[in-house]
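Reading through the structure tokens given below for one structure.
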Amino acid sequence: MRWRSPRLPLLLLFSFFTLLVGGATASVFRICAYNVQKFNSMKASNYRVMHTLTRIVSRCDICLLQEVMDSDGKAIKSLLSSLNRYDEYTYQAVSSKSLGNSPNNMQQYVFIYRTETVNVTGQHQYQKKQSFVREPFAVQFQSQKTAIKKFVLVPLHTEPSQAVQEIDRLYDVFVEVSKKWNNANVMFLGDFHASCAYVTRANKKKIRLFTSSKFSWLIGDRVDTTVTDETSCAYDRIVVHGQPFLKAISPFSASVFNFAKEFKLTKTKVLEMSDHLPVEVTLKSSALLLQATPLLVLLSVSAIVQPFLSAL
């Protein structure tokens, strides 16, 4: 009589869940946004800052950086070099021109992305200067790894005193870019200053992205995206248009990345980076297994394990 280990089904079950969870982790597609606060060549020369920023950006398939002050491109070039040495992926960047109304405060929107998982299919600089201090720079991306194949990311770093008006005008940007690419899968992200004194509950009635049910705000009003103890404000936001895009997002994945806690950094070191924390969201994978509902996964596990349990 052949001896049969009673642990075999449990080992197989453990192996199955390991493969399932491992596959899900490897297939996560993460979109991030971070106001890195006056990122220039001087800041890029700080080894500690660059090491931390490299660790933050390397978690993301696409990472939007705001408040980049790098007209000659040297700071972003240094960051890309650091990323490409640090990580197994190859990173590239697409950047807006310098934007602003003051020579001392010209900023760029920069998207850094993994070439193995996503590619750029179009870019568009919004031109209506009277609408924004730093006009949105829309980029259309395409990925075969996500449930939604083509989507448009639109960044905005608002002027705090004009936050209500600028957030409202994102609706006009949506109309323009969705028509340009015939693609309504649009995500807005960035430091909107959409909280505390800059955007109050009463102000929301004046903002079409709030009053229209077609837009979903994934970072809630009570989330704190700031670093200091003096503030607790949901300045940084992620907003998506339409049910198709919303359904392509992993449920409850929109969050703040507290890298101070994750990397065990003091508040002083975190403030060297910025007074903001990154926000992020993940998209569902195109893999059928990873789109299965928990019930289907459970039934699949039961079907695999049952024959072994019956043989005991």
Donor-acceptor contact below 3.5 Å, side chain Gln125 vs main chain Glu135: yes
Is any side-chain heavy atom of Ile167 closer than 4.5 Å to one of His193? no
Enter the distance from Tyr91:OH to Glu116:CD here, rounded to the nearest 0.5 Å. 8.5 Å
Between Arg30 and Val281, does the side chain to side chain contact (heavy atoms under 4.5 Å, CB included) criterion hold? Intermediate values first, please. CA-CA 6 Å; Arg30 182 178 286 114; Val281 69; over 6 Å; no
Under a single-linkage definition using a 4.5 Å side-chain heavy-atom cutoff for Ile, Leu, Val, Met, Phe, Trp and Tyr, are Val36 and Met42 assigned to the same hydrophobic cluster? no
Is it the case that the side chains of Glu67 and His276 hold a donor-acceptor pair, with the cut-off being a distance below 3.5 Å and no angle test? no
Phe192 and Trp217 aromatic ring geometry - parallel, tilted or perpendicular at 30°/60° bounds: perpendicular
Report whether Leu156 and Met106 are members of the same hydrophobic cluster (ILVMFWY, side-chain heavy atoms less than 4.5 Å apart, transitive linking). no
Positive for side-chain contact (heavy atoms from CB on, under 4.5 Å) with Tyr34, one of Asp236, Leu53, Leu277: Leu53
Quick one: side chains of residues 71-78, donor-acceptor pairs under 3.5 Å with protein atoms, not counting sequence neighbours, listed by atom name and distance.
{"unit_1": "Asp72", "atom_1": "OD1", "unit_2": "Lys74", "atom_2": "N", "d": "3.2"}
{"unit_1": "Ser78", "atom_1": "OG", "unit_2": "Lys74", "atom_2": "O", "d": "3.0"}

Give a yes or no on whether the backbone of Ser98 and the side-chain of Gln107 come within a donor-acceptor separation of less than 3.5 Å. no
Closest heavy-atom pair, Leu99 versus Ser96, reported as atoms and distance to 0.1 Å, is CD1-OG, 3.8 Å
Before giving the answer on side chain to side chain contact (heavy atoms under 4.5 Å, CB included), spell out for Val279 and Cys32 the whole-Å C-alpha distance, their side-chain angles and the decisive distance to 0.1 Å. CA-CA 6 Å; Val279 292; Cys32 312; over 6 Å; no
Verify, without hydrogens or angle tests, whether Lys284 (side chain) and Lys247 (backbone) share a donor-acceptor contact under 3.5 angstrom. yes
Taking Thr146 for the side chain and Ser285 for the main chain, is one N or O donor matched with an acceptor at less than 3.5 Å? no
Which pair of heavy atoms, one from Phe245 and one from Leu283, lies closest together, and at what distance? CE2-CD2, 4.0 Å
Determine the interplanar angle of the Phe257 and Phe263 rings, folded into 0 to 90°, and report it as parallel if under 30°, tilted if 30 to 60°, perpendicular if over 60°. perpendicular
Salt bridge between Arg208 and Asp168, side-chain N to carboxylate O under 4.0 Å? yes
Hey, do the aromatic rings of Phe210 and Phe215 have their centres closer than 6.0 Å? no
Are the side chains of Thr158 and Gln162 in touch, meaning some heavy atoms are under 4.5 Å apart? no
In the structure I gave you, are the side-chain heavy atoms of Arg59 and Glu280 within less than 4.5 Å of one another anywhere? yes
Residues which pass side-chain contact (heavy atoms from CB on, under 4.5 Å) with Asn119, listed by chain and number, not counting sequence neighbours: Thr121, Gln142
First locate atom OG1 of Thr211, then atom NZ of Lys205, and finally report the distance between them rounded to the nearest 0.5 Å. 11.5 Å
Would the distance check show the side chain of Lys150 and the main-chain N or O of Trp181 forming a donor-acceptor pair, the cut-off being under 3.5 Å? no
To the nearest 0.5 Å, atom CD1 of Ile238 lies from atom OG of Ser216 at 12.5 Å
In the structure I gave you, are the side-chain heavy atoms of Leu189 and Val239 within less than 4.5 Å of one another anywhere? no
Look at the side-chain heavy atoms of Ile, Leu, Val, Met, Phe, Trp and Tyr, link any pair under 4.5 Å apart, and say whether Val177 and Ile148 land in one connected group. yes
In the structure I gave you, are the side-chain heavy atoms of Ile62 and Phe29 within less than 4.5 Å of one another anywhere? yes
Heavy atoms only: give me the nearest Tyr86-Ser58 pair and the separation to one decimal. CE2-OG, 3.4 Å
Using the side chain to side chain contact (heavy atoms under 4.5 Å, CB included) rule, take Asp87 and Val57 through it: C-alpha gap first, then chi angles, then the decisive distance, then the call. CA-CA 10 Å; Asp87 204 57; Val57 176; over 6 Å; no
Considering only heavy atoms from C-beta outward, does the side chain of Phe259 approach that of Val270 to under 4.5 Å? yes
How about Lys149: does its NZ atom have over 12 heavy atoms from other parts shown lying under 6.0 Å from it? yes
With a cut-off of under 6.0 Å to the ring centre and 45° to the axis, is Arg114 in cation-pi contact with Tyr89? yes
Check: His157 ring centroid to Tyr109 ring centroid under 6.0 Å: no
Roughly how far, to the nearest 0.5 Å, is the CG atom of Leu65 from the CZ atom of Phe39? 7.0 Å
Smallest separation among heavy atoms of Gly190 and Leu64, with atom names: CA-CD2, 4.4 Å
So, for Lys43 and Glu272, which heavy atoms are closest and what is the spacing to 0.1 Å? CE-O, 3.2 Å
Sequence neighbours left out, what passes disulfide bond (SG atoms under 2.5 Å apart) with Cys63? Give chain and number order. none
Is the backbone of Ala194 close enough, under 3.5 Å, to the side chain of Arg237 for a donor and an acceptor to pair up by distance? yes
Within this structure, what is the CE-CG distance for the pair Met187 and Leu246, rounded to the nearest 0.5 Å? 9.5 Å
side-chain hydrogen bond (donor to acceptor under 3.5 Å, both in side chains), that's the test. Do Asp61 and Thr117 meet it? Break it down for me. CA-CA 7 Å; Asp61 291 85; Thr117 61; 2.8 Å; yes
Please determine, by modelled atom types, if Thr226 and Asp224 share a side-chain donor-acceptor pair under 3.5 angstrom. yes
Could you check whether any side-chain N or O of Ser212 sits under 3.5 Å from a backbone N or O of Leu209, counting only pairs where one atom can act as donor and the other as acceptor? no
Would you kindly say whether Gln140 and Asn183 are connected by a side-chain donor-acceptor distance under 3.5 Å? yes
Aromatic contact between Phe132 and Tyr126, with the criterion being ring centroids under 6.0 Å apart: yes or no? yes
Do Val49 and Met69 sit in the same hydrophobic cluster, where Ile, Leu, Val, Met, Phe, Trp and Tyr count as joined when their side-chain heavy atoms come under 4.5 Å apart? no
Taking the six-membered ring for Trp and the single ring otherwise, decide whether the centroids of Phe141 and Phe111 are under 6.0 Å apart. yes
Without swapping roles, check the side chain of Ser250 against the backbone of Ser253 for a donor-acceptor pair under 3.5 Å. no
So, do Ile31 and Thr282 sit near enough that their side-chain heavy atoms are less than 4.5 Å apart? no
Check the pair Lys145 / Val28 against side chain to side chain contact (heavy atoms under 4.5 Å, CB included), numbers first and verdict last. CA-CA 9 Å; Lys145 291 187 171 292; Val28 165; over 6 Å; no
So, for Ser255 and Ile219, which heavy atoms are closest and what is the spacing to 0.1 Å? N-CD1, 3.6 Å
Do Glu166 and Val133 have side chains that approach each other closer than 4.5 Å (heavy atoms only, starting at C-beta)? yes
How long is the span from the CE atom in Met50 to the CG atom in Leu79, to the nearest 0.5 Å? 4.5 Å
Under 3.5 Å, side chain of Asn84 to main-chain N/O of Leu80, donor-acceptor pair present? yes
Taking Asn35's backbone N and O only, do any of them form a donor-acceptor pair with Ser274's side chain (distance below 3.5 Å, no angle check)? yes
Between Gln108 and Ser95, does any side-chain donor sit less than 3.5 Å from a side-chain acceptor? yes
